[in-house]
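Values below: every heavy atom of this structure, side chains too, minus hydrogens, waters and symmetry copies. Just follow the structure's listing: the first ligand is 1, and inside any ligand the first atom is 1.
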Amino acid sequence: MTPDVRCPPPSGAPTPGPTTPGAPGGLSATEVLVAARALEAAGRRVVHLEVGEPDVPTPPHVVEAGVRALREGRTRYGPPAGIPELRAAVAESLRVRGVPADPTRVLVAPGAKAMIFTTLLAAVRPGDEVLVPDPGYGAYAAVAEFAGGRAVRYPLDPARDFRLDPEAVAARVTPRTRVLVLNAPHNPTGGVLAPAALEALGEIARRHDLLVVADEIYARHVYPDAPRAPDAAPVHPSIAALPGMAERTVVVDGVSKAYAMTGWRLGYGHVPARLVAPATALLTHNASCTATFVQHAGVAALTGPQDAVAAQTAELRRRRDWLVAALNAVEGVRCALPPGAFYAFPDVTRALAGTGHTAETLARRLLHEHGVACVPGSAFGPAGAGHLRLAYTAATDDLAFAVDGVRACVGALRAGAGR
Ligand code: PLP
């Protein structure tokens, strides 16, 4: 976390916030978090809906496995690609989702984000075009451009609840397109991919010989109303399970979200055979390896009891239903019911119409005047403008405090504009 980022107070004209690469015009989650912590240090109450982080503890058996590994002296360097036990457990967790996974193609990294970084750096050459979702997680575009590529945003349509339209992807493929980044369930909208959309995207990837980077970090956060095949497990389907797709797909996943392990820093990927050597070389020269005892905790997370995951998802679904209904009761706010992940992405355009204010000003005022930390949708790309992202990984009391803040803030802005 960079301590020197600033969130200016909402006085006068809206000031463009400091941006992260890939977060055009937006105020990133990290920047909001830093500003929120500063307010708390000054004695203010702030509810945190800005960072995508479960509010439950890591399951005790996973903590125990990590502590045991430390006591047993698993404190030395390990293989750069990961310990064999974890690579096998990851491969098995993919096989039960229908992905023909091979442990030798599983690579372990300090977080899913590090896996995204590693694979894009290994795969993208200068001048390559990388298709990224808009709105979308900022790391995709930032790393594609860091590697010398060009991030080409494919829009998720606000008018269709940000559903991914495979034709919008196909329309942006050029002879220079090398990589298609998918993220489902999706951050920031909570959208998922229906089986037909996955098929269509697989077809596009095969037709244009694209590498797919499928960020599936929220795969276990799907709610029973998400569209999926009737016999499917309560986990989002992987595009890598489609015929011929595992050979051209990097499946990115990790323990941060499903197992409430954000601070442990453990992610992994299943990569096409041709990427094993270059990606391993990058891991070697960057991290040397992922903390060994953490990997042992990861084995316990993947192979041990899964009831904590189910309990977390059930609780999140309850909060989601409450929050979305409460947001829709605020005048001018419209919020679709997100079928996956743990973000609500309300549209505040109508609520702010005629006030001269944007979702960014609203987010700033929510934080500084109402103690509600959330992220403006523009932090995730131009198509996110006019929206807010609220992570509902907070207690219902905090969610109620946040909705009261939204109602009061929107009301004040409208009253100020004589509406
Ligand atoms: N991918 C997406 C879409 C995310 O939202 C996040 C975290 O917010 C990550 C990857 C990073 O996960 P990790 O904590 O494992 O690095």
Under a 3.5 Å cutoff, is there a donor and acceptor pairing between the side chains of Thr262 and Glu53?
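Looking only at side-chain atoms, Glu53 and Thr262 do form a donor-acceptor pair, the distance falling under 3.5 Å.
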
Between Glu203 and Arg207, does any NZ, NE, NH1 or NH2 come within less than 4.0 Å of an OD or OE carboxylate oxygen?
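Counted as a salt bridge, because a side-chain N and a carboxylate O are separated by less than 4.0 Å.
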
Salt bridge or not between Asp102 and Arg105? Use side-chain N to carboxylate O under 4.0 Å.
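Result for this pair is no, no salt bridge flagged.
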
Are His221 and Tyr343 close enough that their ring centres sit under 6.0 Å apart?
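They do not qualify: ring centres at least 6.0 Å apart.
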
As an exercise, identify every atom of ligand 1 less than 4.0 angstrom from a heavy atom of [X].
X	value
Asn187	3 (C), 4 (C), 5 (O)
Gly111	15 (O), 16 (O)
Tyr218	3 (C), 4 (C), 5 (O), 8 (O)
Ser256	13 (P), 14 (O), 15 (O)

Is any N or O atom of [X], backbone or side chain, closer than 3.5 Å to an N or O atom of ligand 1?
X	value
Leu266	no
Lys113	yes
Thr262	no

Part of [X] with heavy atoms under 4.0 Å of ligand 1, whether side chain, backbone, both or neither:
X	value
Arg265	side chain
Asn183	side chain
Ala112	both

Go through the steps to decide whether Glu315 and Arg319 satisfy the test salt bridge (Lys or Arg N to Asp or Glu O under 4.0 Å), and finish with yes or no.
CA-CA 6 Å; Glu315 173 59 16; Arg319 293 177 187 175; 2.9 Å; yes

Mind checking whether Thr174 and Thr177 have side chains closer than 4.5 Å, heavy atoms only?
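When only atoms from C-beta onward are counted, Thr177 and Thr174 do touch, with a gap below 4.5 Å.
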
Within 45° cone and under 6.0 Å: Arg389 NZ/CZ vs Phe380 ring
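Because its charged atom misses either the 6.0 Å distance or the 45° angle limit, Arg389 does not stack over Phe380.
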
Quick one: is the NZ or CZ of Arg45 closer than 6.0 Å to the six-membered ring centre of Phe401, and within 45° of its axis?
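Yes, Arg45 sits over the ring of Phe401.
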
Within the structure, is a non-hydrogen atom of Lys257 found at a distance of less than 4.0 Å from ligand 1?
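In this structure, Lys257 qualifies as a contact of ligand 1 - some heavy atom is under 4.0 Å.
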
Heavy-atom contact check, 4.0 Å cutoff: does Gly254 meet ligand 1?
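Contact check Gly254 vs ligand 1: negative.
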
What distance separates Arg172 CZ from Leu131 CG, expressed to the nearest 0.5 Å?
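Going from the CZ atom of Arg172 to the CG atom of Leu131 covers 9.0 Å.
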
With atom 11 (C) of ligand 1 as the reference point, say which of Tyr137, Trp264, Tyr140 has the nearest heavy atom.
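That would be Tyr137.
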
For atom 1 (N) of ligand 1, which protein heavy atom lies nearest, and how many Å away is it?
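Checking every protein heavy atom, the shortest distance to atom 1 (N) of ligand 1 gives Asp215 OD2, 2.6 Å.
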
